[in-house]
Amino acid sequence: MHKMLPDPVLLRLIVEAIRVASCEEGAAGVLTGELPTAASLARQFNLRLEKTKKLLRTLRMAGVVQPQGLSPKRYWFDAFACRQMTEDHPLYDALNPNDIWMEGESP
């Protein structure tokens with residue numbers, strides 16, 4: 001049975017929120033205080049925490065976001081992994097990696 005993919009709009013919104021926070025953190029140094037948690041993303045997008053965690057797990061398995069810390073787990077954007085995503089990856093169309101880059105980099 002084929003596994004149903006999560007909503008591409010929600011995936012894109014979550015990745016963008018994590019990417020922006022990662023850019024701000026990168027500019028300020030390697031601090032984790034402002035990186036988003038599952039709970040903060042759930043509040044930001046008015047989602048149930050369980051659904052947010054499933055979306056984050058999908059993105060983590062794709063290598064697009066990486067967890068940092070244990071409690072609370074905060075997420076940072078992995079621009080290199082996103083750019084390395086091939087067109088045959090199931091999330092490629094949802095994320096459109098060619099449009100995602102870190103601040104100060106060109107696509």
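As a basis for the values below, the full set of heavy atoms in this structure was taken, side chains included, without hydrogen atoms, waters or symmetry mates.
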Verify salt bridge (Lys or Arg N to Asp or Glu O under 4.0 Å) between E16 and R19, making sure each step is shown before the conclusion. CA-CA 5 Å; E16 186 60 20; R19 185 192 71 79; 2.8 Å; yes

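By the side chain to side chain contact (heavy atoms under 4.5 Å, CB included) test, S40 pairs with P36, T37, R43, sequence neighbours left out. Partners of S71 under the side chain to side chain contact (heavy atoms under 4.5 Å, CB included) rule, at least two apart in sequence or in another chain, do not exist in this structure. For A17, the side chain to side chain contact (heavy atoms under 4.5 Å, CB included) partners two or more places apart in sequence, or in a different chain, are L41, Q44, F45.
Contact between Y75 and V65 at its shortest, heavy atoms only, is CD2-CG2, 4.2 Å. Here the shortest heavy-atom pairing between T86 and Y92 reads O-CD1, 3.3 Å. Residues A42 and L49 come closest through the heavy atom pair CB-CA, 4.1 Å.
Distance check: H89 NE2 to Q84 CD gives 12.5 Å after rounding to the nearest 0.5 Å. For the atom pair F77 CZ and L35 CG, the distance stands at 13.0 Å (nearest 0.5 Å). Rounded to the nearest 0.5 Å, atoms CG (L13) and CG (L47) are 9.0 Å apart.
Under a hydrophobic clustering in which Ile, Leu, Val, Met, Phe, Trp and Tyr are joined whenever their side-chain heavy atoms come within less than 4.5 Å, directly or via other members, L70 and I18 fall into different clusters.
Between V64 and L91, every side-chain heavy-atom pair lies at or beyond the 4.5 Å cut-off.
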